[in-house]
Chemist: 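Following this message is one structure expressed as structure tokens.
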Amino acid sequence: MTYLAGGHEMGFCTPSSGNVNESALAGTFDTTTSRCSLAIGGIGDVASHADWAFASTTTTPNCGFMNYGGEPGFGGEYLWLELNSSDGTRQVQVTLQRLDGTGTGQSYIRLYYASGTSYTLVGAPTLTQMKTLQKIDLSANFSASGYLRLYVAKSLLIDSGTIDLSARSAAAKLRIYGAYGTTYPSEMICSTASTVRLRGYSQYAASEGADTGGTGAYTDIDEIVYSDVDGISFASAGLIHTFTPSTSTLGGFAVEAVLVGARAALGTTGPTKLDMAINSASDSTNHFTADIALTAGYTANVGIWATDPGTSATWTNTNASTAKFGVKSIA
Amino acid sequence: MSNPVVTKVTKLIAQGPPSAQAATTKVTKFIIVDTTVSDTSTSARPIRQQTHIRYGDNS
């Protein structure tokens, strides 16, 4: 299994409750694991779509997230989940459509795959309860003996059986968006194998770490809603700024990976790249990702460590939850 | 009588990181955990039982 992307405060996502205060809870979500849910853009509002770029393309895309469907109101498919190729072409689509006026949270969930210029429905539209915080997982295999499987609350709800999906282009990103009402996704996880068993814990910067390179403090990057009004800037290469994470109690769960995300941009001069940094108590040493090229506009960037870089072995819960995280400027 | 001298004083407040420097405005950490070893299979599972409520033409 290779992790492709993950997180839920990735620099392009904002809480859907409208709460903009730093370190404040927002949305409808599991407070033991997260501190907010995502805001999603409306249909046609491309700028606010939440694209989750994968670390690599894959023909076996799997994505999972927690979702709360909100109060049903007018009709319309109010949450779309897409697996797209690198050029943005939709390959697979999941839609949730509430039932008008029932007030029960009953919603239809549909699963499609692209077929030429149209879309083929997999199975039948299936009723499910969306007014409950629960997990939605999509598992796909783009091969001649392929399949599409959709899980709700860890149960298989729609199964294509074996179908030929060899014409599908490799998935390069996940896109979520909605319209006509409220929905609260959080804890996005994308990988090359099933995400049904996986959950995510979000941590934010609670204080400074061991390094304070650059100009700015942890209070400039700890907001729920991303804010470009403040931040940490780097005038030269080789500057490291790390942070001590907020507390998460992982219980007896086995840690699969630790990710660091940063909303970042380059300036007119100075560093043009950034590394994500992690510092585990196993060796108390900063470890970095490969260089990530920045652009003039702010983008979301992520680093993924499937193992503890201090030991090259599986993360212990303590080291995963306490590992400091941050960024390093690169020329 | 001379005209009064008008003086306008402005204060510039910098907003955001300097545009000439690389910057980050949000950094987060995310931990993925395996919630149950017994639930790793992607093979067929029992289909969730749903209460079928029809309300209008939503099929």
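By convention in this document, chain letters (A, B, ...) are assigned in the order of the sequence lines, proteins followed by strands, and residues within each chain are numbered from 1.
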Chemist: Chain B heavy atoms under 4.5 Å from A:Pro271: which part of the residue, side chain, backbone, both or neither?
Modeler: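 Answer is both: backbone and side chain atoms of A:Pro271 are under 4.5 Å from chain B.
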Chemist: With rounding to the nearest 0.5 angstrom, report the OH to NZ distance, A:Tyr298 to B:Lys26.
Modeler: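 That separation rounds to 13.5 Å.
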Chemist: Mind ranking A:Gly200, A:Ala237, A:Gly261 by heavy-atom pairs under 4.5 Å with chain B and telling me who comes out on top?
Modeler: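 Top count of heavy-atom pairs under 4.5 Å with chain B: A:Gly261.
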Chemist: Distance from B:Asp34 atom CG to A:Phe253 atom CZ, nearest 0.5 Å?
Modeler: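 Rounded to the nearest 0.5 Å, the CG-CZ separation comes to 9.0 Å.
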Chemist: Could you look at A:Phe234 and say if it's the side chain, the backbone, both or neither that has a heavy atom under 4.5 Å from chain B?
Modeler: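 Looking at A:Phe234, backbone and side chain both touch chain B.
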Chemist: Which heavy atom of B:Thr25 sits nearest a heavy atom of A:Ser227, and at what distance?
Modeler: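 Closest approach of B:Thr25 to A:Ser227, heavy atoms only: CB-O, 3.4 Å.
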Chemist: Is the closest side-chain heavy-atom distance between A:Ile189 and B:Phe30 below 4.5 Å?
Modeler: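 Answer yes - side chains close enough.
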Chemist: Show your reasoning for whether side chain to side chain contact (heavy atoms under 4.5 Å, CB included) applies to A:Gln203 and B:Ile31.
Modeler: CA-CA 8 Å; A:Gln203 294 181 307; B:Ile31 303 171; 3.5 Å; yes
Chemist: Among A:Ile232, A:Asn301, A:Asp220, which one satisfies side-chain contact (heavy atoms from CB on, under 4.5 Å) with B:Thr24?
Modeler: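 Only match with B:Thr24 under side-chain contact (heavy atoms from CB on, under 4.5 Å): A:Ile232.
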Chemist: So which part of A:Leu198 gets closer than 4.5 Å to some heavy atom of chain B, the side chain, the backbone, both or neither?
Modeler: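 Both the backbone and the side chain of A:Leu198 come within 4.5 Å of chain B.
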Chemist: Looking at A:Met276, A:Arg199, A:Glu187, which has the largest count of heavy-atom pairs under 4.5 Å with chain B?
Modeler: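 Looking at each option in turn, the highest pair count goes to A:Arg199.
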Chemist: Considering non-hydrogen atoms only, spot the tightest contact between A:Gly326 and B:Val27 and give its length.
Modeler: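 Of all heavy-atom pairs spanning A:Gly326 and B:Val27, the closest is CA-CG1, 4.4 Å.
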Chemist: Show the nearest heavy-atom pair for residues A:Leu294 and B:Ala22, with the distance to one decimal.
Modeler: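 Between these two residues, the closest heavy atoms are CD1-CB, 4.4 Å.
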Chemist: Ignoring hydrogens and geometry, is there a side-chain-to-backbone donor-acceptor pair from A:Thr269 to B:Ala20 under 3.5 Å?
Modeler: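 Yes: the side chain of A:Thr269 pairs with the backbone of B:Ala20.
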Chemist: Look up atom OG1 in A:Thr215 and atom CD in B:Gln21, then write down how far apart they are to the nearest 0.5 Å.
Modeler: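 A:Thr215 atom OG1 to B:Gln21 atom CD measures 6.0 Å (nearest 0.5 Å).
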Chemist: With heavy-atom distances below 4.5 Å as the criterion, would you say the side chains of A:Val255 and B:Ile32 are in contact?
Modeler: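 Side chain of A:Val255 against side chain of B:Ile32, heavy atoms only: no contact under 4.5 Å found.
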Chemist: Please report the interatomic distance CD1(A:Ile278) to NZ(B:Lys29), rounded to the nearest 0.5 Å.
Modeler: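 Going from CD1 on A:Ile278 over to NZ on B:Lys29, the span is 5.0 Å.
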Chemist: Distance alone, cut at 3.5 Å: any donor-acceptor contact between the side chains of B:Thr35 and A:Lys154?
Modeler: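 Yes, side-chain donor-acceptor contact under 3.5 Å.
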Chemist: Shorter than 4.5 Å, heavy atoms on both sides: which option in A:Ser34, A:Ala323, A:Gly214, A:Ser329 has the most such pairs with chain B?
Modeler: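 The answer is A:Ala323.
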Chemist: Please state whether the side chain, the backbone, both or neither of A:Ser202 comes within less than 4.5 Å of a heavy atom of chain B.
Modeler: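 Both parts, backbone and side chain.
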Chemist: Less than 4.5 Å to any heavy atom of chain B: does that hold for the side chain of A:Ala124, its backbone, both, or neither?
Modeler: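 Contact with chain B is absent: no heavy atom of A:Ala124 under 4.5 Å.
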Chemist: Which bit of A:Met1 comes within less than 4.5 Å of chain B, counting heavy atoms only: side chain, backbone, both or neither?
Modeler: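 For A:Met1, no heavy atom lies under 4.5 Å from chain B.
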Chemist: Could you have a look at A:Ala257, A:Gly270, A:Ala264, A:Ala262 and say which one has the most heavy-atom pairs with chain B under 4.5 angstrom?
Modeler: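 Of A:Ala257, A:Gly270, A:Ala264, A:Ala262, A:Ala257 has the most heavy-atom pairs under 4.5 Å with chain B.
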Chemist: Flag the pair B:Thr28 / A:Val260 as yes when at least one side-chain heavy-atom distance between them is below 4.5 Å, and no otherwise.
Modeler: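 No, their side chains stay 4.5 Å or more apart.
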